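Just below is one structure, and these are the notes that go with it.
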Amino acid sequence: MPATNEQLSKYEKIEAIVKGFKLPAAAYKRAMTLLNQELNNGLKSQKSNATVLSMFPTFVRSTPDGSEKGEFLALDLGGTNFRVLLVRLNGQEIDIQSKTYLIPQTIMLGTGTQLFDHIAECIGKFVAEHDLISHQLPLGFTFSFPCHQEGLAKAKLSHWTKGFRCEGVVGEDICQLLHEALKRRTNCKVEIVAVVNDAVGTLMSAAHGDRNCEIGIILGTGCNACYMERLDNVHTWNKEEKDFQPKQVIINTEWGAFGDNGCLDFMRTEFDREVDTFSVNPSKQTHEKMISGMYMGEIVRLVLERLTHDQLLFRSVDRECALFERGRFYTKYVSEIESDTDEFFRHTKQVLDDMQVENYTTEDCKIVKYVCTLVSARAAFLAAAGLSTLINRLNKQDMTIAVDGSLYRFHPRFHNLMCLKIKELVKPGLKFRLSLSHDGSGKGAALTAAVSLRLRNLKNVEENGFTQPEMVSVKA
Ligand code: BGC
């Protein structure tokens with residue numbers, strides 16, 4: 001049906017508002033060049049003030065070899081939920097039992113002591129419920145925030161992200177805080193063996209069954225990536241330790257902060273700037289705010305608000321309705337809306353009802369869906385550009401990338417959009433596979449703890465000719 005003049009000018013006006021989300025390939029290539037420079041800057045020993053990527057060496061230097069065994073506790077803290085897991089490893093066989101506990105907002109914004117006491121109490125209950133009080137349990141802790149690691153079980157929080165702001169934790173060793181809380185609140189016999197970022201856990205979990213996996217990425221509430229780097233390139237790594245095998249270490253890039261020095265401003269829209277201004281951490285996590293689930297819904301909401309205000313969407317709408325409330329348009333709505341494939345717009349209508357929008361037309365539904373597709377495609381393409389930078393950097397013929405996170409899991413097109421863009425951006429001939437890592441955070445933390453104990457035993461055998469008693473599987 002040919003568009004009338006009135007419609008044409010309406011569509012032109014809509015296009016003018018959303019055009020910032022339709023970026024040419026050259027913009028993504030420019031982002032790749034910039035990201036690569038930032039990755040290199042972050043690995044330098046002398047960092048300038050403009051260095052934004054933390055590039056934390058994680059002290060995880062080996063991926064699992066499949067022989068890991070034993071009984072482990074794992075913790076997963078990084079969003080509104082906190083999980084405690086009991087992981088039993090026996091080669092490729094893994095048995096996981098877990099329980100999820102809520103972290104109330106009052107605790108997310110309270111004191112560090114309250115947070116760690118709450119965590120310790122949950123662990124205490126879990127251990128009692130599973131009749132494990134007398135077990136000596138090694139623990140792997142997935143803590144999904146930027147931490148400067150000084151050892152596998154020594155990690156100082158650099159800053160909070162994703163809406164957390166507990167007082168008295170920044171600059172502190174989170175293992176120590178957990179250890180003290182466990183002593184205060186429980187009588188469990190737990191040894192904290194490893195603390196890992198969720199991207200690292202995801203990589204470790206996938207690498208357990210796939211030796212080609214050297215990159216892990218999280219696309220959830222937050223966004224981050226890690227990869228296996230050669231020690232020679234890591235100038236922040238202690239020289240003496242460079243002689244130890246293997247000559248590699250997983251780097252937690254903390255690429256959510258990419259762009260915090262303004263280098264991504266050329267691709268940000270007025271809506272990105274507004275999301276940033278009203279966030280709990282303005283001017284921080286620029287890249288993350290353009291990609292991840294914590295912000296995507298709000299970007300869409302701001303565009304819809306603007307279109308409504310300019311009378312390009314929804315003829316009559318109550319100014320008091322939820323659509324005009326900050327933070328009320330969840331990213332899961334974007335996934336639901338984009339899963340509508342016919343002219344009935346079942347999910348879109350459901351969301352608009354939730355948003356208390358009345359009297360919408362089918363054309364309104366089309367426009368709402370269009371906005372969602374543009375915002376999510378930019379996020380997927382930007383994540384793909386980041387991944388392509390890492391794939392090109394590692395330059396391996398065949399590469400598996402472990403992916404986890406609610407955005408990637410539940411958005412109907414994210415995976416396909418990413419694959420499409422990566423194919424366009426990686427060096428010709430490099431093959432890649434995006435593989436969903438199941439329970440990366442829980443299984444990954446337990447595996448990291450297991451690998452560390454395996455290597456600890458190996459070192460003892462090399463140095464002293466004995467194996468430590470197998471504390472990984474002591475049962476009373
Ligand atoms: C944190 C990362 C984390 C990512 C995904 C970001 O906000 O800084 O450490 O890996 O979220 O959870």
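Just so you know, residue 1 is the first one in the sequence shown, and it goes up from there. Basis for what follows: all heavy atoms, side chains included, without hydrogens, waters or symmetry-related copies. Order of appearance sets the numbers: ligands from 1, and atoms from 1 within every ligand. Bear in mind the structure is a predicted one, so any value in this text is a computation, not a measurement.
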Can you name the side-chain hydrogen bond (donor to acceptor under 3.5 Å, both in side chains) partners of K289, sequence neighbours left out?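 Checked K289 against side-chain hydrogen bond (donor to acceptor under 3.5 Å, both in side chains); matches are D276, S279, N281.
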Restricting to ring-ring contact (aromatic ring centres under 6.0 Å, His included), what partner residues turn up for F432, sequence neighbours left out?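 Checked F432 against ring-ring contact (aromatic ring centres under 6.0 Å, His included); zero matches.
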Is the centre of the W255 ring less than 6.0 Å from the centre of the Y227 ring?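 No, the ring centres sit 6.0 Å or more apart.
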Taking the side chain as every heavy atom from C-beta outward, state whether N252 and M55 have any pair of such atoms under 4.5 Å apart.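 N252 does not reach M55 side chain to side chain.
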Please examine the side chains of V249 and M228, heavy atoms only from C-beta on, and report whether any two atoms are closer than 4.5 Å.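 They are not in side-chain contact.
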For ligand 1, would you mind listing the residues that have at least one heavy atom less than 4.0 Å away, ordered by chain and number?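 Within the 4.0 Å shell of ligand 1, which is judged on heavy atoms, sit S144, F145, P146, T161, K162, N197, D198, I218, G222, C223, N224, E254, Q285, E288.
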Among all residues two or more places apart in sequence or in another chain, which pass the salt bridge (charged side-chain N to carboxylate O under 4.0 Å, His left out) test with R413?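 In terms of salt bridge (charged side-chain N to carboxylate O under 4.0 Å, His left out), with neighbours along the sequence ignored, R413 is linked to E338.
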